[in-house]
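Just so it is clear, the structure is predicted and the values come from calculations on it, not from any experiment. Residues: numbered from 1 along the sequence shown.
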Amino acid sequence: MKKIVSLILLLAAAVLLLPAAAQVEVQLTPNRTDYVAGEGVGLSLTISNHTDTPLKLQDANGRPWLNIILTQRGMSGPVIPKEKSGFPPVTVAPGSQRTVSVNLRDKFALDMPGAFRAVATILLPDGRTTYTSNRALFNITTGGCVRSFPIQSRGRRLEMSVRLVRTAKQEGLFGQVVDMDTKRAVGACYMGRYMNFMQPRVLMDGSQNLHVLCQSTPDFFTYSVMNNRGQRLSYQVYRRAPGAPVDLVNTGKGFRPVGLIPYDPKEEAKKAREKVHTTSERPL
């Protein structure tokens, strides 16, 4: 009889535990599979709440509601965070899901190449129950150097360069700043999609800003500027001007692309609507 009662209790406990395992789901997805050393590493954290009550996630009793364990291939142990600050609170409505963006470079010094794996764990308000995500895999690379400039800035020896990196099945140009003594990236940013129809124009001004003009499609070009901290200052898309050669020139007052016309998507859409409207009013 005792054995039967014990079996019934075990079965009841199993039934109670089965729904709990599916009450919350955590999915971690990298925004890209390849990043350039020094740029932000963005991941999307999706939390699904399958219960009938709001899920309020926030730090409690010195414990963060979200913890990310990052490991690097070939290294023993997890990557040590550079700070222990928590993440902003998140509330997920009943029967819905919420996606939040996480920049791993805010928490980890991701300034060297390598293959990485990130796993997220969330802590429920009861302070005991945790749920763990899948493994999010991504790489940090330096790509191939298109052109580089050694500079001195605030007593540091730096190298500013333009890197060619293939991401999401297309090639792009990235600006990068590296400390020459430590070999660690100071910063990096996306400069534009690259199509190998025209050699990129890469110039540096007197304020140590890197100017990059590249062809992104047969008709469109991208002109970007990056400072000596690896931060993008501007990004502009241009359309080819009919019959004019394309180049990036020094006017004496700064650099300027020639043979190109600034592209404004809103203005182009407005012109397209006006053209359709005018055509529709023409007599048959």
Intermediate values then yes/no, side-chain contact (heavy atoms from CB on, under 4.5 Å), Val165 and Tyr35 = CA-CA 9 Å; Val165 178; Tyr35 294 89; over 6 Å; no

Go through the steps to decide whether Phe87 and Ile68 satisfy the test side-chain contact (heavy atoms from CB on, under 4.5 Å), and finish with yes or no.
-> CA-CA 11 Å; Phe87 294 87; Ile68 294 180; 4.2 Å; yes

Decide salt bridge (Lys or Arg N to Asp or Glu O under 4.0 Å) for Asp181 and Arg157; before the verdict, give the C-alpha distance in whole Å, the side-chain angles of both, and the deciding distance to 0.1 Å.
-> CA-CA 7 Å; Asp181 295 319; Arg157 296 191 315 124; 2.9 Å; yes

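Residues passing the salt bridge (charged side-chain N to carboxylate O under 4.0 Å, His left out) test with Arg32, sequence neighbours excluded: Glu39.
Interatomic distance, Asp111 CG to Gln176 CD, rounded to the nearest 0.5 Å: 10.0 Å. Distance check, rounded to the nearest 0.5 Å: CZ of Phe174 to OG1 of Thr141 gives 10.0 Å. Here the OG1-CG distance, from Thr33 to Leu137, works out to 10.0 Å after rounding to the nearest 0.5 Å. Here the OG1-CD1 distance, from Thr130 to Ile122, works out to 8.5 Å after rounding to the nearest 0.5 Å. Here CD of Gln236 is found 9.5 Å from OG1 of Thr222. Values are rounded to the nearest 0.5 Å.
The side-chain hydrogen bond (donor to acceptor under 3.5 Å, both in side chains) test with Ser48 singles out one residue from Gln97, Gln27, Arg98, and that residue is Gln97.
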If you look only at distance, which donor and acceptor atoms sit under 3.5 Å apart when one is on a side chain in residues 199-206 and the other is two or more places apart or in another chain?
residue: Arg201; atom: NE; partner: Asp247; partner atom: OD1; Å: 2.9
residue: Arg201; atom: NH1; partner: Gln199; partner atom: O; Å: 2.6
residue: Asp205; atom: OD1; partner: Ser207; partner atom: N; Å: 2.9
residue: Asp205; atom: OD1; partner: Gln208; partner atom: N; Å: 3.2
residue: Asp205; atom: OD1; partner: Asn209; partner atom: N; Å: 2.9
residue: Asp205; atom: OD2; partner: Asn209; partner atom: ND2; Å: 3.4
residue: Asp205; atom: OD2; partner: His211; partner atom: NE2; Å: 2.8

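Both Val177 and Leu164 belong to a single network of hydrophobic side chains, linked directly or stepwise wherever heavy atoms of I, L, V, M, F, W or Y lie under 4.5 Å apart.
A salt bridge links Arg156 to Asp179: one of the charged nitrogens lies within less than 4.0 Å of a carboxylate oxygen.
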